[in-house]
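Written out below as structure tokens is the structure these notes cover.
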2 protein chains.
Amino acid sequence: MALGTDYSGQDCSLAKALEVVGERWSLLLVRDAFLGVTRFTDFRRRLGISKAVLTRRLGSLVEAGVLERRPQGGHDAYVLTPSGEALWPAVHALMRWGDATTSPRGSRRLFRHLPCDADVDVSGRCPVCGATPPAAELETRPGPGAGADPPTNPLSARLREPHRLLAPLRE
Amino acid sequence: MALGTDYSGQDCSLAKALEVVGERWSLLLVRDAFLGVTRFTDFRRRLGISKAVLTRRLGSLVEAGVLERRPQGGHDAYVLTPSGEALWPAVHALMRWGDATTSPRGSRRLFRHLPCDADVDVSGRCPVCGATPPAAELETRPGPGAGADPPTNPLSARLREPHRLLAPLRE
DNA sequence: CGTCTTGGTCTGTTCAACAGACCAATCGGA
DNA sequence: TCCGATTGGTCTGTTGAACAGACCAAGACG
């Protein structure tokens, strides 16, 4: 493990989790993977991260079993594994906390439970069926707290349109 | 904001959250605050973090409104604000993901909803009342995945005993 | 066949984390 | 009351990670 990411000696599951997804950029990469981003260049376009660091982060997430690198017609696609998809409750909880502390007009992004056609609540639960749905059953769209600026590139524009989580934006 | 913590240009609540609690050590400090740690030296003893960095982290968490610094009989106590307590679902979700990916024998730490006398489930919900309880209503104790090594210091020993979250370990 | 895009690697610089020295104020015990 | 330990820091020199940007090989595309 890279230095600076090691919380050794901590018998704590939070420390173990942060060793994997606690580095700068890691959780934003996972977020974009939930939104359907799969390609090196698209991650880079979205985040403005340096290429060397992006290479390392994607590699360490693959090594940790969060992402899988899958050859796909000339280029590679990075997609979430089941373990990566299990990060959804944590990602959702952090987004909602960010909303609560920085977005007075409400959530920047909403998530609808497709089978029930209802938005999940702040704890991620569907008010109709009472379950806490996995990401694959959710559709996302901008919420009342979303910024009004026009998207800066076609990729971000596509990510603003309502779409199902985990559905790749490109083939 | 310090360089290296800035995700500017991201109209995303996750990025906003990570600007506050995404730096190295920040979320572990919040975790220990939930467990009842309040004092500079105790945070340091628990984490092995350098003093200069601990000073900066505590300061930035206070500035962000996550912690409050409260004079208390000769020394100061750092305690969670309501905004900081609202991080509980995110901290809990990350702990459970860490359990799931690194702890084959189950959770390292369990949380019991005191009014209902039942352990919360993996999504943080109480199986009896159906609510997602705030941290103040929870008691924690070691779970089946906890390490068997004897605690290395009295502080960690006290944190292993069953106790209510947010209850300060010292006056 | 030349150009563009993709998906990287490599280099030099900057900045944060680290270990450890140092220090002032306070507390506790003899 | 005095002395040593503890607390809660600051400061310094070193190391390592992130950064911008140059460079490059392979394939797509016209």
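Note that these values count all heavy atoms, side chains included, but never hydrogens, waters or copies made by symmetry.
Residue R57(B) contributes atom CZ, which lies 18 Å from atom C1' of dG8(D) at whole-angstrom precision. Atom pair F40(A):CZ and dC24(D):C1' shows a separation of 14 Å (rounding to whole Å applied). R56(B) has its CZ atom 13 Å from the P atom of dC15(C), to the nearest Å. Atom CZ in R24(A) sits roughly 13 Å away from atom C1' in dT14(C) (whole-Å rounding). With rounding to whole Å, Q72(B) atom CD is found 10 Å from dG8(D) atom P. Look at CG on L18(A): it is 17 Å from C1' on dA17(C), rounded to the nearest Å. The separation between I49(B) atom CD1 and dT10(D) atom P is 13 Å, rounded to whole Å. Between L58(A) atom CG and dG8(C) atom P the separation is 8 Å, expressed in whole Å.
Distances from the side chain of W25(A) to the nucleotides dA19(C), dT7(D), dC19(D) place dC19(D) closest.
Residue Y78(A) has a polar side-chain atom (N or O) positioned under 4.0 Å from OP1 or OP2 of dG8(C). Of the side-chain N and O atoms in T41(A), none sit less than 4.0 angstrom from OP1 or OP2 of dT5(C). Contact annotation: S50(B) side-chain N/O to dG20(C) OP1/OP2 distance is not under 4.0 Å.
Distance alone, capped at 3.5 Å, is enough to place a donor-acceptor pair between the T55(B) side chain and the K51(B) backbone. Side-chain atoms of R125(B) do not come within 3.5 Å of backbone N or O of S123(A) as any donor-acceptor pair. Judged by distance alone, the side chain of D99(B) and the main-chain N or O of S103(B) form no donor-acceptor pair under 3.5 Å. The backbone N or O of I49(A) lies less than 3.5 Å from a partner atom in the side chain of R44(A), making a donor-acceptor pair.
Cluster annotation: L169(A) is connected to L166(A) through the hydrophobic network of ILVMFWY side chains, with a link wherever side-chain heavy atoms come within less than 4.5 Å. Both L18(A) and V53(A) are part of a single hydrophobic cluster, where members link through side-chain heavy atoms under 4.5 Å apart.
Counting only residues at least two apart or on different chains, the side-chain hydrogen bond (donor to acceptor under 3.5 Å, both in side chains) pairs with a member in residues 156-166 of chain A are N153(A)-S156(A). For the salt bridge (Lys or Arg N to Asp or Glu O under 4.0 Å) condition, the pairs that include at least one residue of residues 28-38 of chain B, sequence neighbours left out, are D32(B)-R46(B).
In this structure, R105(B) has no side chain to side chain donor-acceptor pair (under 3.5 Å) partners at least two apart in sequence or on a different chain. Under the rule for a side chain to side chain donor-acceptor pair (under 3.5 Å), T101(A) has no partner lying at least two apart in sequence or in another chain. Every residue meeting the side chain to side chain contact (heavy atoms under 4.5 Å, CB included) condition with V62(A), not counting sequence neighbours, appears here in chain and number order: L67(A), R69(A), Y78(A). With sequence neighbours excluded, the residues forming a side chain to side chain contact (heavy atoms under 4.5 Å, CB included) with T81(A) are E68(A), S83(A), listed by chain and number.
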Protein-nucleic acid N or O pairs under 3.5 Å, nucleotides 23-25 of chain C:
none

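Toward the 5' end of DNA chain D, the nearer of the two residues R45(B) and V53(A), judged by each one's closest nucleotide, is R45(B).
Counting non-hydrogen atoms under 4.0 angstrom, F43(B) reaches nothing in the nucleic acid. Here R44(B) lies out of heavy-atom contact (under 4.0 Å) with every strand.
Residues from residues 62-70 of chain B that place a heavy atom under 4.0 Å from any atom of DNA chain D, listed by number: R69(B).
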Using atom types as modelled, flag every donor-acceptor pair under 3.5 Å from a side chain in residues 85-94 of chain B to any protein atom, sequence neighbours excluded.
none

Show the atom names and distances, to 0.1 Å, of all donor-acceptor pairs under 3.5 Å that link a side chain in residues 135-147 of chain A to residues at least two apart or in another chain.
from: E137(A); atom 1: OE1; to: H113(A); atom 2: NE2; distance (Å): 2.7
from: E139(A); atom 1: OE1; to: R112(A); atom 2: NE; distance (Å): 3.4
from: E139(A); atom 1: OE1; to: R112(A); atom 2: NH2; distance (Å): 2.8
from: T140(A); atom 1: OG1; to: R109(A); atom 2: NH1; distance (Å): 3.0
from: T140(A); atom 1: OG1; to: L110(A); atom 2: O; distance (Å): 3.2
from: R141(A); atom 1: NH1; to: D119(A); atom 2: OD1; distance (Å): 3.1
from: R141(A); atom 1: NH2; to: D119(A); atom 2: OD2; distance (Å): 3.1

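Bending across the helix from dC1(C)-dG30(D) to dA30(C)-dT1(D), expressed as the angle between its end axes from five pairs apiece, amounts to 20° (10° rounding).
A donor-acceptor pair shorter than 3.5 Å cannot be found between the side chains of S50(B) and R56(B).
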Under 4.0 Å protein heavy-atom contacts per nucleotide of nucleotides 25-30 of chain D, with B for base, S for backbone only and - for none: ------
